[in-house]
Amino acid sequence: MNGEPIDADFSPDWGPRIRELREAKDISGRELAKLIGCSAEYLSNVELGRETITREFLAKVAQVLAPPIVIHKRKKPESFDWKYYGSMR
C-alpha cells in the first residue's frame, strides 16, 4: 500500500489486533482484503507482523472493523440549584 509507513517498531503490534477484530466480525481475510483494496497475501503478512503498514491502510481497516461511535445528546437540566451543590464541597 502506498503512503507513509507507521513507525516500524510500532507497526507489528497492529497485526494481531487487526486479525482479532476481523475474526470477531466473522470476516475472512480475503473478504477484508477486498473491502480495503489490498491483496489477501499482504493482509496476512500484516496480521503476522511481517509487513509495515501505512496510516492510509489503518484508516481503511478501521472503516470496516471499528465499532460505530454513537453520540447521545444530553438534555440540559430544567433548573440547577447552585446553592445546593455549592454546599456539598
Engineer: Which residues pass the side-chain contact (heavy atoms from CB on, under 4.5 Å) test with Ile27, not counting sequence neighbours?
Structural biologist: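 Testing Ile27 for side-chain contact (heavy atoms from CB on, under 4.5 Å), a comparison that skips the adjacent residues, returns Arg22, Lys25, Glu31, Leu32, Val64, Leu65.
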Engineer: Nearest 0.5 Å please: distance from the CG atom of Asn45 over to the OG atom of Ser39.
Structural biologist: 8.0 Å
Engineer: Partners of Arg17 by salt bridge (Lys or Arg N to Asp or Glu O under 4.0 Å), sequence neighbours excluded?
Structural biologist: Glu20
Engineer: Are the side chains of Trp14 and Leu58 in touch, meaning some heavy atoms are under 4.5 Å apart?
Structural biologist: yes
Engineer: Which residues pass the side-chain contact (heavy atoms from CB on, under 4.5 Å) test with Ser44, not counting sequence neighbours?
Structural biologist: Leu48
Engineer: Would the number of heavy atoms belonging to other residues, nucleotides or ligands and lying under 6.0 Å from CD of Glu23 be above 12?
Structural biologist: yes
Engineer: Between Tyr42 and Ile36, is any pair of side-chain heavy atoms under 4.5 Å apart?
Structural biologist: no
Engineer: As an exercise, state the distance from CG of Leu43 to NZ of Lys34, rounded to the nearest 0.5 Å.
Structural biologist: 14.5 Å
Engineer: Side chains of Ile18 and Phe57: closer than 4.5 Å at any heavy-atom pair?
Structural biologist: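 Yes, close enough: below the 4.5 Å cut-off.
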Engineer: Can you list everything that forms a side-chain contact (heavy atoms from CB on, under 4.5 Å) with Ala40? Sequence neighbours excluded, please.
Structural biologist: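 In terms of side-chain contact (heavy atoms from CB on, under 4.5 Å), with neighbours along the sequence ignored, Ala40 is linked to Arg30, Ala33.
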